[in-house]
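Both ligands and their constituent atoms are indexed starting at 1 by order of listing. Numbers here are sequence positions counted from 1.
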Amino acid sequence: MIVAIDGPAASGKGTLARRLADYLNLPHLDTGLLYRATARTLIEHGQNLSDVHAAVAAARGLSLTDFDTKELRGRDMGEAASIVAAIPEVRQALVDMQRSFAARPGGAVLDGRDIGTVICPQAEAKIYVTASPETRASRRALELKGQGEAVDYQAVLEEIRRRDARDASRALAPLRLAEDAVELDTTDLDIEAAFRTALSIVEGKR
Ligand code: C5P
């Protein structure tokens, strides 16, 4: 079974995807890391984030084992990732990697922005996780504070709004609700309640 979890920045989709994958005993791919790692390679090489040729080479050179570092998940990298993610050739270069992950025997859980719409339109379960920008910003600010970062709520909120606008307005694979996705608004839900709701959506599709 393929479970596709999409949604805007800091909606909680990553946490939900991880918990669902653990519970269902399926492999999980956080596809945001692919765009983040592409951006990191460009930055490391002193290349411009809008350099199409360099960005495609960086995307093609990725291997799924480079991931999951704290630096990749940082704020700056999220912003940089959304710039490279707007380049159609970069998205194209990352399609096969994501589809072959999804094609693992037994299935997989993938989270991102375009899993249900572009990468795995055939996914059995599609959840679109949302929350108000203010809720997402305060959750993100709390998380960053927990990691010892000095944060300004207003700056985090602006960052989230900017990233939402960029992700929703790009020409290829913009962030949007797939027709057959179930929307899960977590504004008034804690993680436990959100997980239970997500699980019941997935169980309903099995
Ligand atoms: O989900 P995360 O915040 O890690 O994603 C970072 C950026 O990568 C997003 O803002 C988005 O621009 C891009 N992204 C994407 N498609 C995906 C996953 C992430 O465009 N499937």
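Between Glu203 and Arg206 there is a salt bridge, with a side-chain nitrogen of the basic residue lying less than 4.0 Å from a carboxylate oxygen of the acidic one.
If you look at ligand 1, the protein residues with a non-hydrogen atom under 4.0 Å away are Lys13, Thr31, Gly32, Tyr35, Arg36, Ala81, Ser82, Ala85, Arg91, Gly112, Arg113, Asp114, Arg163, Asp167, Arg170.
In terms of modelled atom types and a separation under 3.5 Å, the side chain of Glu183 and the main chain of Tyr128 share no donor-acceptor contact.
The other members of the hydrophobic cluster of Tyr153, by chain and number, are Leu157 (side-chain heavy atoms under 4.5 Å, ILVMFWY only).
Within a 6.0 Å sphere centred on CG of Asn25, heavy atoms belonging to other residues, nucleotides or ligands number 12 at most.
Applying the salt bridge (Lys or Arg N to Asp or Glu O under 4.0 Å) test to Glu159 and every residue at least two apart in sequence or in another chain returns Arg75. Residues passing the side-chain hydrogen bond (donor to acceptor under 3.5 Å, both in side chains) test with Gln154, sequence neighbours excluded: none.
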